[in-house]
Amino acid sequence: MWGYKRLSDHKLVEEIQNGNQEVLISLYKGSYTMVRNFILRNNGTEEEIDDVLQDSLIAVWQNVNKPDFQLKVKISTYLMSIVKNLWFKRLKKKSRFTKVDEAAHIRASDTDEFHFNFDKAVIRDMVHELDEMCRKLLSFFYFDGLNNQVIADKMGYANTDTVKSKKYQCFNKLKSKVHERFTKDDFFG
Amino acid sequence: MSEEENIHDLIDQYLRGELERDELDRFRNRMRHEPDFAREVELHRSIVEGVRKVREKELKDYLRENAKVEYIGNIWGSRWLYASAAIIVVMVGMFFFIKKLDTGNQLAQDEQSADEVQKEILKPQNGYVTKNADTDEVNDTTAPEMELPQLVVVEDGEEMTLRSGAVSPEHDMSKLGEEERILEGDQILDSMVKTDELIASINYTVTVISSAIRREKDKSDTLDAYFRDADSKAVTVTTTDESKSKKGRLFRKSDEEDAKPESEVASEPSSTAAKITNRPISVQFWSSPVNFKGYKYNGQTLLLYGVDPSENIEFKEYGNQLYLKRGNQYYIINLANDYKKFTRLTNTAVIKELNR
């Protein structure tokens, strides 16, 4: 890990797409003042800055890794727009008297009509129980959104086909673990 | 790739919203018609979400651990407070330590007798001057061209005169010893340490102007004028007497006092003529290493700093206020216990009177 360096936007994007999460630290440091000023001026407190900034950085992390991502503005501008969005959403939540039905903002699932309800906590536990290689692989694929070649490089696989088949294997592993936990009845909980 | 794997990829695509319109429709159809498929899709979605949540938390923890800003703005943070407190303590400690070293030196000096102090200070490069307190003998080993004036600490009632070569012969340098009595105690030490330099000591005459107009109106003024003249003589006498009894303060040689001519221009009080009297003033010209420009006046002797003895200056008094005229400007000279900077007189009425 290198020390804190001001990276160019282009370089920053490259690093993110290579899955080098250290670059987030750099971005954090570089944007802290701006974010702090914004939040404090908009009814926020010092304690909220970190949380908001972290969430925003993760959003940037994921977005930059989306396949069709193109940086059209400065990274700092982009980050700030995410910060502002997140912040106003938070403020809205704060000002509401009743707790919003969280599910309302979740993307409407076509399977809702079937009323499937899988215990999310159990699944998360199972993820933790997964071996590190599988967890990393699945994470890079499903969260970080890194493309297969990058994953191949990171994991030391020969090619992208290996990545795909390995990922499939890991996924099934996880699925069977989950199945073990759930009885047939649970599926219809 | 197996069929199952194909379906797996398809579901991935669906969940990412990557299915094209007709593919999407087919997919949705299948879900509606095949409950097992629907469940499969939902399970897939839940697993993916689980993986993401875990990874997100991991990344957030990573940021929380490592993305910290030593924000300088947060000066009230505990680390900063401790650091500042520590620095202040160290600085205060150093200050006292240094002060202690200084005090140590000063105490040592104070303890020395006046003679010894004199000895030390009066050591110019080429020699020194000492005075034997008992015999009044002066031992001067300085070279004649030595220009540094010798400061004198005069003891009870005694006077001393030392040579200084820097002044032209017309000025009576024998007076030097007495004038310097005016510098008392620690002031002497201060000057010695800072090496203010006396350039010359010259006696001037103060022209005391009294406004004639006022005189006419107030008869008592006339009387005052009479008494003032009388007083000045009387004062002379008392001063001489006092000087003998006071210890080393405001000393004036009695001879010199009487010898000075007091010219009085006692003109008839008229509406136009101003009454003018004179009185002496003893002026010393000093230079300080910090180039201080100002004065110190105790009523008898005026110390001028930053003024060249060769300058053409005059002294005038009006309305009980002493003024120094330098070129075209008048400067106010006040009685004070300490050094003052020159302040110009701006009152045009007074200037007019002074210029009469």
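These numbers were taken from a predicted model, which means no experiment stands behind them. Below, chain A is the first sequence line, B the second, and so on; all start at residue 1. Side chains included, hydrogens not; waters and symmetry mates left out as well; all remaining heavy atoms used.
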Going by heavy atoms in the side chains, are B/L43 and A/H179 under 4.5 Å from each other? yes
Chain A contact via B/E4 - side chain, backbone, both or neither, heavy atoms under 4.5 Å: both
Enumerate by number any residue of residues 60-78 of chain A whose heavy atoms lie under 4.5 Å from heavy atoms of chain B; in the absence of such residues, state 'none'. A/W61, A/Q62
side-chain contact (heavy atoms from CB on, under 4.5 Å) involving B/F292 - partner list, sequence neighbours excluded: B/S288, B/V290, B/Y305, B/Y339, B/K341
Less than 4.5 Å apart, any side-chain heavy atom of A/I25 and any of B/Y62? yes
Between A/F171 and B/H44, is a side chain to side chain contact (heavy atoms under 4.5 Å, CB included) present by the stated rule, with each step listed? CA-CA 9 Å; A/F171 191 91; B/H44 192 119; 3.6 Å; yes
Step by step, would you call A/K175 with B/E40 a salt bridge (charged side-chain N to carboxylate O under 4.0 Å, His left out)? CA-CA 10 Å; A/K175 194 156 82 169; B/E40 191 63 32; 2.3 Å; yes
The interface call for A/D55 against chain B, heavy-atom contacts under 4.5 Å, is both
Would you mind reporting whether A/K120 and B/E49 have side-chain heavy atoms less than 4.5 Å apart? yes
Check whether more than 12 heavy atoms from other residues, nucleotides or ligands sit under 6.0 Å from atom CD of B/E311, and answer yes or no. yes
Flag the pair B/K60 / A/D51 as yes when at least one side-chain heavy-atom distance between them is below 4.5 Å, and no otherwise. yes
Please check if the number of heavy atoms outside A/H128 that lie under 6.0 Å from its NE2 is greater than 12. yes
Is there a donor in the side chain of B/D12 and an acceptor in the side chain of A/Y142, or the other way round, less than 3.5 Å apart? yes
For residues A/D50 and B/L63, determine if any side-chain heavy atom of one lies less than 4.5 Å from a side-chain heavy atom of the other. no
In terms of heavy-atom pairs under 4.5 Å with chain B, the winner among A/L130, A/V122, A/D144, A/D125 is A/D144
Under 4.5 Å to a heavy atom of chain B? For A/K136 that would be neither
Can you tell me if CG on B/N328 sees more than 12 non-hydrogen neighbours from other groups inside 6.0 Å? no
Does NZ in B/K325 sit with more than 12 non-hydrogen atoms of other residues, nucleotides or ligands closer than 6.0 Å? yes
Residues A/S139 and B/R55: closest non-hydrogen pair is CB-CD, 3.6 Å
Would you indicate whether the side-chain heavy atoms of B/V51 and A/L174 approach each other to under 4.5 Å? yes
Scored by heavy-atom pairs under 4.5 Å with chain B, the best of A/D119, A/N172, A/L138, A/I58 is A/I58
For A/L53, is it the side chain, the backbone, both, or neither that has a heavy atom closer than 4.5 Å to a heavy atom of chain B? neither
Out of curiosity, B/D61 CG to A/Q54 CD, how far, rounded to the nearest 0.5 Å? 9.0 Å
Disulfide (SG to SG under 2.5 Å) contacts touching residues 129-158 of chain A (sequence neighbours left out): A/C134-A/C170
Pairing residues for B/Y297 by the ring pair (Phe, Tyr, Trp, His ring centres under 6.0 Å) criterion, not counting sequence neighbours: none
Please give me the minimum heavy-atom distance between A/Y168 and B/S2, naming the atom from each residue. OH-OG, 4.3 Å
Tell me, do A/R135 and B/E58 make a side-chain contact under 4.5 Å, heavy atoms counted? yes
Checking A/K164 against B/H8 for the side chain to side chain contact (heavy atoms under 4.5 Å, CB included) test, could you report, in this order, the C-alpha distance in whole Å, the side-chain angles of both residues, the deciding distance, and whether it holds? CA-CA 11 Å; A/K164 280 193 199 135; B/H8 173 99; over 6 Å; no
